[in-house]
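In what follows, a single structure is set out as structure tokens and then discussed.
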Amino acid sequence: MAEAAESQAPPGPEGTNRWRRRAAALLMAALPVLAGVLPATAPTAAAAPAAAGSAAAAAPSARSGTGSRSAQVSLDEVTPAIPEKGDTLTLSGTVTNTSKTTLTDLRLAPRIGPRLTSRSAIQQAARRKGYLSGADGTEVPGDHGTRLSGLASGVTRSFTLKVPVSDLHLGSNGVHQLAVSLTGQTRNRPYAQILGIGRTFLPWQEEAPENRTRLTYLWPLISTPHVTARTQSDEQQTPVFQDDSLAEELAPGGRLQQMLELGKDLDVTWVIDPDLLASVDMMAGRYRVQKPGGEPDETVAGKNQAYAKRWLADLQEAVEDKEVVALPFADPDLASLAHRGTRVRGALSSLGQATALAKRTVQVVLHVKPSTDFAWPYQGAVDSSIVDVATSAGAHNVIARSDSVRETELSYSPTAARPIGSGNTALVADTLLSTAFEGDMSRAGNSSLAVQRFTAQSLALARQMPSRSRSVVVAPQRRPSVSQAQAMADGIRALGRSGWTETSSLADAAEAKPDPNARRRMPAPSSYPSSLRKSELPSAAFEQVRKTKDGLEDFKRILSQADRVMPPFTTAIDREVSNAWRGEARAGQRYRDSVEKYLLELRGAVRLIKKSDITLSGREATIPVTVQNNLAQGVDGLVLELRSSRVGLDVGDAKRVKVDGEHTQSLKFDTSAKNNGRAYVYAQLYTEDGERYGKPMKFQVNVTSITSTVLLVIAGGVLLIVLAGIRMYTQRKRSGPAPDPDAPLEQPDDGDGDDAAAGGDDDDDDADGDGGPGDGGKDAAEEGTRDDAGASGGTAAPGERTGPGKAADAGHSTDGAKPADDARASEPGAADGTAGTDGTAGTEAAADAEGTDTAERAGSDGDDTERESDNPPATGEKVDR
């Protein structure tokens, strides 16, 4: 019917046009019959493909613009949006030739359509394309149009029309359809026809109703997560941002800057994610930004502190004395938690903490006391499980949407508040008003139409029950774009001029008297929209969050300054389950992976240094194991335990670990082995409550036992070395001081040869024992002493010196007595005087070279001449020469 209505006949008498249409219809009905009667001649056969080709060509032309869609008329501005008696409407917009031919003899004119009596009628009119006779009304009486010159294909031209409201003859109150139509000719249709039409809505309320609608508009300040779990190791713990996109939103013209600039002059309820406030507050100080494509620890200094400071200052001023609602920190996805997180241990435990943190954050940053009694699931879609999760964190009011909580028995929109049991309330926002500014609002035509539709829907809602005052909540999209925010602000300002609405706070909306006929039972989980369920966080995401939380708890127990680590990680874990990851599954996965990886990196900074295989020589030994701490703070609360793979190897008890920051600690374990062999030893760190910390370290131990005989041999050798050293020390000490090299040499004694007969030698009487050639010198005497000790196993008498050819065998003594002290007092010249034990006294001279058997008995190859001892033997001591 719409396409038929768009086929407009050329002007002429009404009867002529009617007969022409009938003739055309009869001809089209007769074509199949004629095709069956006429012979298939060559020209006829050729005509069929031609007809098919023309039909195929008609389809693309229809898409490019034909009939009443040959031109696109856009109403970019309607002022005032809600006119009053005596006003003049200004309609501004553009017209674009969307056809493939030039449009001529063009004229633009305003049209006023019939009153739309329901909210659904407004929606149908907004979706309609092309001109529909009767539904699009008639031209406004009077000369309010304008003529245009020819318009070539693809060309756009702007226009402005002014129409007094009195000329519209609106009559009854309600929503009227207002349009601007383009009339002209085409080359194929050289007669006046409507080539395009642009529609909008005009709410008209000449008198204010007795009861106004109380309207609460939520103004959201929510962004995506920007701050990572990483911080610098400096005293201020400089935060690290993923990128600098938050600065772009805070800069002049940015999304958040525009939301603040527009919202500060509106009577709205500010709904704020405290994570955004915390992030901007961090940016106001020193911060770092990760390098694009670099490693996570590669950062550059952030330089947009001025934007953050200015935005915070303006926000503090804007929300002063205004209603502020704080969502749980990082705006958690309540629906995903309810549908997929409840099966994971501890998934809901942080929800209450996020609510408490939200309140503190807003108070510290904005210096206002926020309300944390409201939960806002994604897109207002709720079911009974979502309500249970939302209220478990302490919220008593859940913001839903009417397309989720549908009214099947009411013909009007009831008050938003619905008691749902256990002292909780569902605030059901109006869907048509809440979604009025979604989509592309960057085009002026779309924005203007959205504003007019928003005001029209609000009037239609108010006219449903004019005798009853109702409370309505509008919950728009969470992160409006700049153009969407501007359109929202235009719509709110337009309603400020209306006489059928008044603003209200969200707290008042929650306390409003509920409609007794409104639905109070929440939908079952099975009714949750499948399109939204597909975008929920997967169960694996909550498992990953649980793993990260468990690792963080273990890590916290060993830190000496846990307060430097816990806040960055707990807030990052809250961001892992944010509503921001709806439709951004890959970005959410990357964020969760980055948090987990950084925690593992910190935990790995406290580790065991790898040991190589060791060998234990003996049944008891000590094994050292070193713990390294590369953190900037000390670690306490770990226990190091060794475990052997073999029963016979005892590796000792566990030891407590305490290591300062950037230091190592070596722990020694006393081990004992019952038998020889190889064994593997496993070193493992544990927390104080017995949880494993890090991976075990494995090394091999080889136990080799030493027998008692080998130990005795080694001990005897050591003893001999010690005794030899003692003898050398004693002998040198008794030798007296070294001779003076500058002293004059003594003259040889002119004796009568008795000394020679007695085997004596004048040179042997040198006090220093450093005689002449006969004795081989002092060094030779010492060498002979060492040889004697090694050959006989005995020791020389104190003070006795022997030459290379002398053997003083103490083992030949009769009674083993040492030389008496008085023996050393013999007169000079009596070198060989000895007294035996049997009372015989005599002298034995052995001055010739024939005394070889004495040397052989001593095991020495000394000189022929031996030097007598400086100390005569004691009485009763036998000396063999």
Legend entry - Trace of the salt bridge (Lys or Arg N to Asp or Glu O under 4.0 Å) decision for R590 with D593: CA-CA 5 Å; R590 286 195 299 268; D593 290 344; over 6 Å; no
Looking only at side chains, do [X] and [Y] share a donor and an acceptor under 3.5 Å apart?
X    : Y    : result
Y412 : R468 : yes
R470 : Q464 : yes
Y378 : D331 : no
S74  : D76  : yes
R340 : S539 : no
R127 : Q124 : no

Legend entry - Pairing residues for F454 by the ring pair (Phe, Tyr, Trp, His ring centres under 6.0 Å) criterion, not counting sequence neighbours: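 Scan of F454 (ring pair (Phe, Tyr, Trp, His ring centres under 6.0 Å), adjacent residues dropped) gives F437.
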Side-chain ([X]) to main-chain ([Y]) donor-acceptor, under 3.5 angstrom:
X    : Y    : answer
S448 : A444 : no
R406 : D403 : yes
R497 : P80  : no
W311 : A247 : no
T238 : Q232 : no
Q257 : E248 : no
S578 : D574 : no
T228 : V240 : yes
R199 : A126 : no
Y287 : N304 : yes

Legend entry - Qualifying salt bridge (Lys or Arg N to Asp or Glu O under 4.0 Å) pairs, either residue in residues 428-447, two or more places apart: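 Counting only pairs at least two positions apart or across chains, the salt bridge (Lys or Arg N to Asp or Glu O under 4.0 Å) contacts touching residues 428-447 are R119-D430.
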Quick check for you: to the nearest 0.5 Å, what is the distance between [X] atom [atom1] and [Y] atom [atom2]?
X    : Y    : atom1 : atom2 : result
N579 : L537 : CG    : CG    : 8.0 Å
L256 : L221 : CG    : CG    : 6.5 Å
T200 : Q452 : OG1   : CD    : 4.5 Å
D265 : I492 : CG    : CD1   : 11.5 Å
T391 : D373 : OG1   : CG    : 10.5 Å
S402 : R519 : OG    : CZ    : 12.0 Å

Inset, instruction - Can you label the angle between the Y528 ring and the H339 ring as parallel, tilted or perpendicular, going by 30° and 60°? - result: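 The rings of Y528 and H339 stand perpendicular, inter-plane angle above 60°.
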Should we count [atom1] of [X] as having more than 12 external heavy atoms under 6.0 Å?
X    : atom1 : value
K322 : NZ    : yes
Y307 : OH    : no
R582 : CZ    : yes
R521 : CZ    : no

Inset, instruction - Determine, step by step, whether E596 and V545 satisfy the side chain to side chain contact (heavy atoms under 4.5 Å, CB included) criterion, reporting the C-alpha distance in whole Å, the side-chain angles of both residues, the deciding distance to 0.1 Å, and the verdict. - result: CA-CA 8 Å; E596 182 181 24; V545 171; over 6 Å; no
For a 4.5 angstrom cut-off between non-hydrogen side-chain atoms, does [X] reach [Y]?
X    : Y    : answer
Q486 : Q258 : yes
M522 : V405 : yes
S505 : T216 : no
N517 : E409 : no
T501 : R212 : no
V382 : V428 : no

Inset, instruction - Let me see the working for R214 and S504 under side chain to side chain donor-acceptor pair (under 3.5 Å), right down to the final yes or no. - result: CA-CA 6 Å; R214 296 189 299 272; S504 174; 4.9 Å; no
Inset, instruction - Please test R343 against F542 for side chain to side chain contact (heavy atoms under 4.5 Å, CB included), starting from the C-alpha separation and ending with a verdict. - result: CA-CA 9 Å; R343 296 189 292 268; F542 294 102; over 6 Å; no
Shortest non-hydrogen contact from [X] toward [Y]:
X    : Y    : result
I222 : R479 : O-CG, 3.4 Å
T548 : L599 : O-CD2, 3.4 Å
S392 : V389 : OG-O, 2.5 Å
S471 : A512 : CB-CB, 4.1 Å
A229 : A572 : CB-CB, 3.7 Å

Inset, instruction - Start with the C-alpha distance between D383 and S385, add both sets of side-chain angles, then the distance that settles side chain to side chain donor-acceptor pair (under 3.5 Å), and finish with yes or no. - result: CA-CA 6 Å; D383 56 41; S385 65; 2.6 Å; yes
Inset, instruction - May I ask you to decide whether E249 forms a salt bridge with R255, counting only side-chain N to carboxylate O separations under 4.0 Å? - result: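 The answer is yes: the pair qualifies as a salt bridge.
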Acceptor/donor pairs from residues 266-278 side chains to any protein atom, 3.5 angstrom cut, sequence neighbours excluded:
{"from": "D267", "atom 1": "OD2", "to": "T503", "atom 2": "OG1", "distance (Å)": "2.6"}
{"from": "T269", "atom 1": "OG1", "to": "E323", "atom 2": "OE1", "distance (Å)": "2.7"}
{"from": "D273", "atom 1": "OD1", "to": "D275", "atom 2": "N", "distance (Å)": "3.1"}
{"from": "D273", "atom 1": "OD1", "to": "A330", "atom 2": "N", "distance (Å)": "2.9"}
{"from": "D275", "atom 1": "OD1", "to": "R575", "atom 2": "NE", "distance (Å)": "2.9"}
{"from": "D275", "atom 1": "OD1", "to": "R575", "atom 2": "NH2", "distance (Å)": "3.1"}
{"from": "D275", "atom 1": "OD2", "to": "R575", "atom 2": "NE", "distance (Å)": "3.3"}

Legend entry - S336: partners by side-chain hydrogen bond (donor to acceptor under 3.5 Å, both in side chains), with sequence neighbours left out: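 S336 satisfies side-chain hydrogen bond (donor to acceptor under 3.5 Å, both in side chains) with D333 only.
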Legend entry - Contacts of type side-chain hydrogen bond (donor to acceptor under 3.5 Å, both in side chains), residue S371, not counting sequence neighbours: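 With sequence neighbours excluded, S371 shows a side-chain hydrogen bond (donor to acceptor under 3.5 Å, both in side chains) to no residue whatsoever.
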Donor-acceptor pairs under 3.5 angstrom involving side-chain atoms of residues 345-353: please list them, not counting sequence neighbours.
{"from": "R345", "atom 1": "NH2", "to": "D550", "atom 2": "OD2", "distance (Å)": "2.9"}
{"from": "S349", "atom 1": "OG", "to": "G346", "atom 2": "O", "distance (Å)": "2.7"}
{"from": "S349", "atom 1": "OG", "to": "K549", "atom 2": "NZ", "distance (Å)": "3.0"}

Inset, instruction - Go through the steps to decide whether M283 and H226 satisfy the test side chain to side chain contact (heavy atoms under 4.5 Å, CB included), and finish with yes or no. - result: CA-CA 10 Å; M283 182 174 283; H226 298 279; over 6 Å; no
Inset, instruction - Decide yes or no on side chain to side chain contact (heavy atoms under 4.5 Å, CB included) for E320 and V368, but give the supporting numbers first. - result: CA-CA 7 Å; E320 188 177 1; V368 297; 5.7 Å; no
